[in-house]
K.L.:
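This is the structure, below, for whatever I ask next.
FYI, side chains are in, hydrogens and waters are out, and symmetry mates aren't considered; it's all heavy atoms of this structure. In what follows, chains are A, B, ... by sequence order, proteins preceding strands, each numbered from 1.
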There are 4 protein chains.
Amino acid sequence: MSQYSGSESSAIEERSGPKTERGRRTLRRLLDAAAEEFGARGYHETAISSITQRAGVGLGTFYVYFKSKEEVFRALVADMGARTRHALAESTREAPNRLEAERLGIQAYLDFVRSHKALYRVVMEAQFVAPEAYREYYRTFSAAYRQQLAQAASRGEISEGQDDEVRVWALMGASTFLGLRYGVWDDGADTASVAEAASDLMINGLAPRAKNGDAS
Amino acid sequence: MSQYSGSESSAIEERSGPKTERGRRTLRRLLDAAAEEFGARGYHETAISSITQRAGVGLGTFYVYFKSKEEVFRALVADMGARTRHALAESTREAPNRLEAERLGIQAYLDFVRSHKALYRVVMEAQFVAPEAYREYYRTFSAAYRQQLAQAASRGEISEGQDDEVRVWALMGASTFLGLRYGVWDDGADTASVAEAASDLMINGLAPRAKNGDAS
Amino acid sequence: MSQYSGSESSAIEERSGPKTERGRRTLRRLLDAAAEEFGARGYHETAISSITQRAGVGLGTFYVYFKSKEEVFRALVADMGARTRHALAESTREAPNRLEAERLGIQAYLDFVRSHKALYRVVMEAQFVAPEAYREYYRTFSAAYRQQLAQAASRGEISEGQDDEVRVWALMGASTFLGLRYGVWDDGADTASVAEAASDLMINGLAPRAKNGDAS
Amino acid sequence: MSQYSGSESSAIEERSGPKTERGRRTLRRLLDAAAEEFGARGYHETAISSITQRAGVGLGTFYVYFKSKEEVFRALVADMGARTRHALAESTREAPNRLEAERLGIQAYLDFVRSHKALYRVVMEAQFVAPEAYREYYRTFSAAYRQQLAQAASRGEISEGQDDEVRVWALMGASTFLGLRYGVWDDGADTASVAEAASDLMINGLAPRAKNGDAS
DNA sequence: AATGAATGAGCATTCATTCAT
DNA sequence: AATGAATGAATGCTCATTCAT
């Protein structure tokens, strides 16, 4: 996974946001509180009142900023998408080639997940709470990813492959699961080693390696 | 993904199941109805009454067979695990080697998901509804998968790899995402082609292929 | 409290009881189980199934012996009444006079309650579960008690009093509360001392005692 | 029974009660409705919806003021305790001595019960619904009562007695039963006569009275 | 902008009772 | 006589959302 694209700028303070400074701060507090609550307890176990309490505002205030419970959730998913893409773009900016970018991207992703567990969970749960937001998340992601692969292939950095959409989904799936396994569940593992082992698989595959004197 | 292991026999008629034939049928009806409802509407949107109605039994009957809503859900997840492992084991039984088994396994998985969308969704949602069941699902799966890889490596069919746990999770993630993308969302695609493209990536990786006259 | 009257013989195996020995044993088991469950958990917290389980019979069997949950309960209340009256009658049989009978009766009652906490609770709860049975319990009791007082008064053993119904209810209330306080709650206290102190009050009242040389 | 003590002020508007006047009124309505419903039908036969309907508020409103069905019940028991103690304190305020206070207290209690049948029932049922509240009710009551007796004894108004705890429980039991018999069941009787007869027993006991020329 | 009292639809769960075997 | 599967009425409680202030 790597390079981003798509809408940026936190994806949140869209539509005619709050006018006052106070309003902006309240919004941010609500968003942060929502991310923590949803991340910790999940969508259905989270009550709006727990969000407003954590944010330190009145219950009614929530509805000044969001139309519904689902809306904050969607905003969070979009935000997570933008942030993830941003983090990955940063991490691979200096990569000399795509293969190296893959390795860097995987590690960056693991680190990112590990430090944003709540958001990771929010995205995963979006599959059930806001399916459209979930699809949009991966649509944007895969589009950018495909572009990266296509360019790399044209530069000869990676093989042509039979179907980039398939490759992209396989790669996203691999990273996502590793994110769950090593970013969320087992956050003690060394992400560099994991990324190393994972990129080795993604780059070289399962097939037995040609030995040194193999290609005489 | 392939070969299974772990508890067998549908994982359901556990603890002192129904004694009578009638009881067994009622249980099966309830389980099937639950799978369909949970699969179609999701855990939280599904009411017990909708399950019993679909099953054609009284509301109270549900509680004769299950302690709670969560319990059926968990039973379903376990059932899904056993069934998936069984389907994969069957599909790869005849594979001449692991690389071929991977290709067969992927396709079988896609086909299985496509014909069991409801159960696929149940498993995914388990992450939020019954986290322990979800982890158990992958724990069992990955253990069997690791064993397959280890044996294949010892036979020289695949490379040794740096960390089988990492490889297994990357492979499970890839298949799972492809299952979502091509099994659930886009169920018109040709699974054989997808499996072909996917296994090509998993087997050979992204790295450029050595051309014939490449090694001068 | 003392001497009994009213229907005897356990009050239970009335109406055409079970014909077989097996049936009689099942009935007794159900009754005992019901007394223990109702006594321990209370009427509403007790499920018929818990009674049948404790009795070691099938759920349906309960309805072979009782028409409803309330019916066992009523049977138990009646049984308790008979037993209590019996115990008190026994305890006061040898009393030389009514004042002494009061003391003996109180102590016997405390001891009885202490060794039949479950039944004590059943009777108290009858006030809300089976009001008619509760009233009947005290109607029978007070009638016998009044008769005792009347006879004692005619013998000059106690004062005439203004209204025996009032005296009887006051005395029953006193004993009942002492039964709760010292029989159920504080079952470590010495019942003899309590009975001594209580009968002193009931016999001599609160008024200051005439000193020796008081009556010049 | 007489003189009170313990927490005062209706015991209800405790923990951060409603802020607005409207809120306070809603709370009071709910409390009154609950007392009537519980008193008329009993705890288990009373549905929250019947309380809110009687109070003229929405169902959910109940849970704005109370955490659970049991909580209102407990609040009612506490309230009843405070009110009863208040009524008795008032009635005996002018009593010239303890013996007279007893008589006044009994009558006041009977009158109070008669005009608060619902609350009387609530307290009695608390024994099974909220045992702790029930014990607390009598703990507070008996403590105050004991103090009254001790002071009276030191003033020579009543005998010393062997055990004031026993005396107090006997007296409370007597009054309580008379309250049931003449306050709840038979509300046509003349409470003054009953109180007179009862206090005669409590003050002078059952023992034969010394006649004038008795001590020849 | 902020608030919190009020609302009621919605749902999981319990359990006494029936009845076919 | 004994059983236990089946039933559905009944109800406590939650919580997103509204709206008057």
K.L.:
In chain order, what residues pass the ring-ring contact (aromatic ring centres under 6.0 Å, His included) check against A:Phe73, with sequence neighbours excluded?
P.N.:
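Residues passing ring-ring contact (aromatic ring centres under 6.0 Å, His included) with A:Phe73: A:Phe38, A:Tyr43.
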K.L.:
At under 4.0 Å between heavy atoms, what does D:Tyr65 touch on the DNA or RNA strands: base, sugar-phosphate, or nothing?
P.N.:
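If one applies the 4.0 Å heavy-atom cut-off, D:Tyr65 turns out to touch the sugar-phosphate alone, with no base involved.
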K.L.:
Closer than 4.0 Å, any side-chain N/O of B:Arg22 to the OP1 or OP2 of F:dG4?
P.N.:
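Answer is no, no contact under 4.0 Å.
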K.L.:
For C:Glu125, enumerate each residue passing the side-chain hydrogen bond (donor to acceptor under 3.5 Å, both in side chains) test, keeping only those at least two apart in sequence or located in another chain.
P.N.:
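Not a single residue meets the side-chain hydrogen bond (donor to acceptor under 3.5 Å, both in side chains) criterion with C:Glu125.
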K.L.:
Name all residues meeting the side-chain hydrogen bond (donor to acceptor under 3.5 Å, both in side chains) criterion together with A:Glu132; count only those two or more places apart in sequence or in a different chain, and write none if there are none.
P.N.:
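A:Glu132 satisfies side-chain hydrogen bond (donor to acceptor under 3.5 Å, both in side chains) with A:Arg139 once adjacent residues are dropped.
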K.L.:
When the nearest nucleotide of DNA chain E is assigned to A:Gly56 and to D:Val64 on a heavy-atom basis, which residue is associated with the more 5' position?
P.N.:
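In this pair, the answer is A:Gly56.
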K.L.:
In chain order, what residues pass the ring-ring contact (aromatic ring centres under 6.0 Å, His included) check against D:Tyr65, with sequence neighbours excluded?
P.N.:
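In terms of ring-ring contact (aromatic ring centres under 6.0 Å, His included), with neighbours along the sequence ignored, D:Tyr65 is linked to no residue.
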K.L.:
Pick out which of C:Arg54, C:Lys117, C:Arg121 makes a salt bridge (Lys or Arg N to Asp or Glu O under 4.0 Å) with C:Glu36.
P.N.:
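The passing option is C:Arg54.
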K.L.:
F:dA5 P sits how many Å from B:Phe66 CZ, rounded?
P.N.:
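My rounded result for the distance is 14 Å.
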K.L.:
Determine, for nucleotides 10-21 of chain F in 5'-to-3' order, which nucleotides have protein heavy atoms under 4.0 Å from the base (write B), from only the sugar-phosphate (write S), or from neither (write -).
P.N.:
--SBB-SBB---
K.L.:
Would you please name every residue forming a ring-ring contact (aromatic ring centres under 6.0 Å, His included) with A:Phe62, sequence neighbours left out?
P.N.:
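A:Phe62 satisfies ring-ring contact (aromatic ring centres under 6.0 Å, His included) with A:Phe66 once adjacent residues are dropped.
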K.L.:
Could you state the CG-C1' distance from B:Leu30 to F:dA5, rounded to the nearest angstrom?
P.N.:
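In whole Å, F:dA5 C1' lies 12 Å from B:Leu30 CG.
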K.L.:
Checking B:Arg74 now: which residues fulfil side-chain hydrogen bond (donor to acceptor under 3.5 Å, both in side chains) with it, not counting sequence neighbours?
P.N.:
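So B:Arg74 forms a side-chain hydrogen bond (donor to acceptor under 3.5 Å, both in side chains) with B:Glu70.
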K.L.:
Work out how much the helix from E:dA2-F:dT21 to E:dT21-F:dA2 bends between its end axes, five pairs an end, to the nearest 10 degrees.
P.N.:
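Roughly 0° between the end axes, to the nearest 10°.
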K.L.:
How would you list, by chain and number, every residue that makes a side-chain hydrogen bond (donor to acceptor under 3.5 Å, both in side chains) with D:Arg41, sequence neighbours excluded?
P.N.:
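side-chain hydrogen bond (donor to acceptor under 3.5 Å, both in side chains) check on D:Arg41 returns D:Glu37.
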K.L.:
Specify the separation, in whole Å, of atom CZ of C:Arg29 and atom P of F:dA1.
P.N.:
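Answer to the nearest Å: 16 Å.
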K.L.:
Calculate the interatomic distance between B:Leu27 atom CG and F:dG4 atom P; express it in whole Å.
P.N.:
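Taking CG of B:Leu27 and P of F:dG4, I get 18 Å after rounding.
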K.L.:
Report yes if at least one side-chain N or O of A:Thr26 is closer than 4.0 Å to OP1 or OP2 of E:dA1; otherwise report no.
P.N.:
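Checking E:dA1 against A:Thr26, no side-chain N or O comes under 4.0 Å of OP1 or OP2.
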